[in-house]
Amino acid sequence: MKKFKETTGNTLPSPRSPLKWIVTGFAIFISIGSIWYTNSLVEQIQERENKQIKIYANFLEFLANESENTHFILILDEVVKANQTIPVILTDVNGRPESYRNLPKADRRDGEAKTTYLLKEMERMKEQYDPISVTLIDDKGNNYGTKFIYYKNSYLLSQLKYYPHVQLSAIALFGIVTFLVLKSLQRAEQDRVWVGLAKETAHQLGTPLSSLMAWSEYFRQLYPEQIDAMLEFDKDIHRLRVITDRFSSIGSDPQLYGRNITEIIEEVVHYLEKRFSKKMTMSVSSFPTRDIEARVNPSLFAWVIENLCKNAADAMEGKGSINIKILKANEGKVAIDVSDTGKGIVKNKLKDVFSPGYTTKKRGWGLGLTLARRIVEQYHRGKIFVKHSEINQGTTFRIYINE
């Protein structure tokens with residue numbers, strides 16, 4: 001089996017703005033720096049809160065065994081008052097909530113409802129940190145019970161833990177918006193290039209075309225017997241006028257008309273058959289009827305079919321068959337399949353075939369399929385894509401346009 005070898009011709013430079021890489025790098029830098037700094041703050045606050053709770057537990061344990069020392073009671077009171085943020089629950093020797101601090105929801109409950117809430121909160125606290133035990137010892141040195149201090153991260157610490165996620169979401173949103181803006185600007189720049197190139201081409205063709213039309217009329221009067229030659233000359237002039245009209249339509253808002261799509265395609269095929277190799281065959285079929293209409297700009301849509309057929313002829317290297325099928329699809333659409341028996345497209349290149357500058361020919365700028373997609377999708381509000389492709393078997397392009 002003959003191996004498929006891809007060659008590239010003249011390729012257009014791909015516009016890659018350094019701005020998007022600068023923005024991306026800046027966003028990554030902010031993200032990493034933010035996460036590192038926030039985690040550092042969380043660790044410091046968490047360590048401080050743990051120390052504060054342990055100091056509270058140690059004083060409580062000491063006070064429980066030195067109940068007559070009023071100085072320690074005052075110090076403990078100051079320690080308790082200093083805790084304005086850390087949620088804490090102290091249990092009795094039976095494990096029931098005895099007192100609590102910094103739990104506003106518990107303040108809004110009474111009786112059994114408060115106890116139930118505190119018990120559930122103790123379970124949640126236990127998931128974060130193991131409770132600190134406070135051993136109670138009587139005057140004889142005997143252990144007569146144990147109390148527990150349950151606690152969890154303060155509201156501020158909890159918010160700081162979630163802050164990186166919020167910040168990363170904001171940065172991601174910023175990145176997406178920036179990407180969309182840059183993409184929109186790039187597309188607008190490409191549109192201006194397309195329009196400028198097309199308009200200038202049409203303008204440059206206009207002057208020699210007018211001259212040719214004048215010469216045609218002159219030779220028609222000078223050599224009236226050369227009717228056949230003049231007819232061919234007029235056909236070429238008409239072809240140039242069609243090309244000029246196509247370029248003039250790029251960038252403007254072309255008018256769409258209800259036309260028999262089969263007739264348009266057959267006219268293109270008839271024109272190309274005389275210019276393609278004799279070893280190539282072309283066919284057009286339509287289903288369920290030949291009279292299938294669609295809203296198109298005849299000149300521009302014919303250009304699409306022409307580009308697809310020329311692309312197929314290049315893929316077949318002058319021998320093979322091109323089959324065009326037209327059928328009514330669902331939801332008011334008309335589908336056109338352009339199939340060839342060429343060398344096919346490798347799978348990892350299918351997404352690139354419509355990109356400006358992509359070509360497998362030794363010559364060419366790779367603009368035919370890009371132009372076809374622009375005409376179909378932007379001007380006709382349709383869709384064009386590679387329906388199927390297999391190496392050394394052929395490729396099928398599908399077009400959807402509105403009825």
Side-chain angles (χ1 to χ4, degrees), residues 191 194-195 197-199 201-206 209-210 212-213 231-276 282-313 322-329 331-340 354 367-385 396-403:
D191 287 346
W194 274 106
V195 172
L197 178 62
K199 295 295 184 183
T201 302
H203 176 72
Q204 293 295 334
L205 286 173
L209 181 59
S210 300
L212 286 173
M213 293 173 64
L231 286 176
E232 292 300 319
F233 193 45
D234 288 343
K235 287 181 181 179
D236 288 335
I237 291 176
H238 175 71
R239 178 64 181 173
L240 287 173
R241 291 179 64 182
V242 170
I243 294 173
T244 303
D245 180 62
R246 288 173 177 175
F247 278 109
S248 296
S249 299
I250 297 295
S252 59
D253 189 11
Q255 297 295 317
L256 304 182
Y257 309 95
R259 292 289 187 269
N260 187 318
I261 204 70
T262 306
E263 292 180 355
I264 295 174
I265 294 175
E266 286 178 342
E267 185 177 342
V268 174
V269 170
H270 179 71
Y271 171 79
L272 293 176
E273 279 180 327
K274 297 179 181 180
R275 290 157 178 80
F276 283 168
M282 300 183 70
S283 65
V284 180
S285 60
S286 57
F287 181 84
T289 174
R290 185 178 179 278
D291 298 325
I292 298 178
E293 286 196 357
R295 290 188 58 78
V296 297
N297 181 282
S299 179
L300 290 180
F301 189 77
W303 201 1
V304 172
I305 301 300
E306 185 177 317
N307 279 332
L308 289 176
C309 290
K310 287 181 177 179
N311 189 73
I322 298 175
N323 302 303
I324 303 175
K325 296 180 180 179
I326 310 162
L327 58 141
K328 284 193 172 184
E331 300 177 357
K333 302 287 184 181
V334 174
I336 301 102
D337 288 344
V338 180
S339 305
D340 63 58
F354 293 104
L367 294 177
L369 291 178
T370 305
L371 185 62
R373 182 175 65 176
R374 181 183 180 89
I375 293 172
V376 171
E377 296 185 356
Q378 293 193 23
Y379 296 152
H380 290 81
R381 299 294 183 265
K383 188 176 181 181
I384 181 171
F385 57 94
T396 298
F397 286 87
R398 167 157 286 193
I399 302 171
Y400 282 117
I401 52 176
N402 299 314
E403 286 186 331

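We use all heavy atoms of the structure for the numbers below, so side chains are in, but hydrogens, waters and symmetry mates are not.
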- Quick one: pull up CD1 in I261 and CG in D291 and give me the separation to the nearest 0.5 Å. 12.5 Å
- Query: Residues in side chain to side chain donor-acceptor pair (under 3.5 Å) with N402, at least two apart?
  - Reply: K333
- Query: Nearest heavy-atom pair of Y379 and L256: which atoms, and what distance?
  - Reply: O-CD1, 3.8 Å
- Is the backbone of N297 close enough, under 3.5 Å, to the side chain of H380 for a donor and an acceptor to pair up by distance? yes
- Rounding to 0.5 Å, atoms CD1 (I322) and CD (E273) come to a distance of 9.5 Å
- Mind checking whether N311 and F397 have side chains closer than 4.5 Å, heavy atoms only? yes
- Task: Check the pair L371, N307 against side chain to side chain contact (heavy atoms under 4.5 Å, CB included), reporting the backbone distance first and the verdict last.
- Result: CA-CA 9 Å; L371 185 62; N307 279 332; 4.0 Å; yes
- To the nearest 0.5 Å, tell me how far L308 CG sits from L369 CG. 6.5 Å
- Residues that E293 engages under side-chain contact (heavy atoms from CB on, under 4.5 Å), provided they are two or more places apart: none
- Query: For T396, which residues count as a side chain to side chain donor-acceptor pair (under 3.5 Å) partner, sequence neighbours excluded?
  - Reply: S339
- List the steps and the verdict of side chain to side chain contact (heavy atoms under 4.5 Å, CB included) for F301 and I401. CA-CA 10 Å; F301 189 77; I401 52 176; 3.9 Å; yes
- Show your working on side chain to side chain contact (heavy atoms under 4.5 Å, CB included) between F276 and K310 and close with a plain yes or no. CA-CA 9 Å; F276 283 168; K310 287 181 177 179; 4.2 Å; yes
- Query: Are side-chain heavy atoms of Y257 and R295 found at a separation under 4.5 Å?
  - Reply: no
- Item | Worked check of side chain to side chain contact (heavy atoms under 4.5 Å, CB included) between W303 and I375 | CA-CA 9 Å; W303 201 1; I375 293 172; 3.9 Å; yes
- Query: Rounded to the nearest 0.5 Å, what separation is found between the CZ atom of F287 and the NZ atom of K328?
  - Reply: 11.0 Å
- Could you pull out all residues at least two apart from N323 that satisfy side chain to side chain donor-acceptor pair (under 3.5 Å)? S283
Ignoring hydrogens and angles, write down the donor-acceptor pairs under 3.5 Å from the side chains of residues 263-271, residues two or more places apart or on other chains.
unit_1 : atom_1 : unit_2 : atom_2 : d
E266   : OE1    : R290   : NH2    : 2.4
Y271   : OH     : R239   : NE     : 3.0
Y271   : OH     : R275   : NE     : 3.3

- Mind checking the CD1-CZ spacing from I399 to R373? Nearest 0.5 Å is all I need. 13.5 Å
- Task: Would you check if L272 and E306 make a side-chain contact, meaning some heavy-atom pair closer than 4.5 Å?
- Result: yes
- Cation-pi check, K383 onto F385 ring (under 6.0 Å, within 45° of axis): yes
- Could you pull out all residues at least two apart from S286 that satisfy side chain to side chain donor-acceptor pair (under 3.5 Å)? none
- Item | Qualifying residues under side-chain contact (heavy atoms from CB on, under 4.5 Å), relative to A335, sequence neighbours excluded | L327, A329, R398, Y400
- Query: Distance from I326 atom CD1 to I292 atom CD1, nearest 0.5 Å?
  - Reply: 6.0 Å
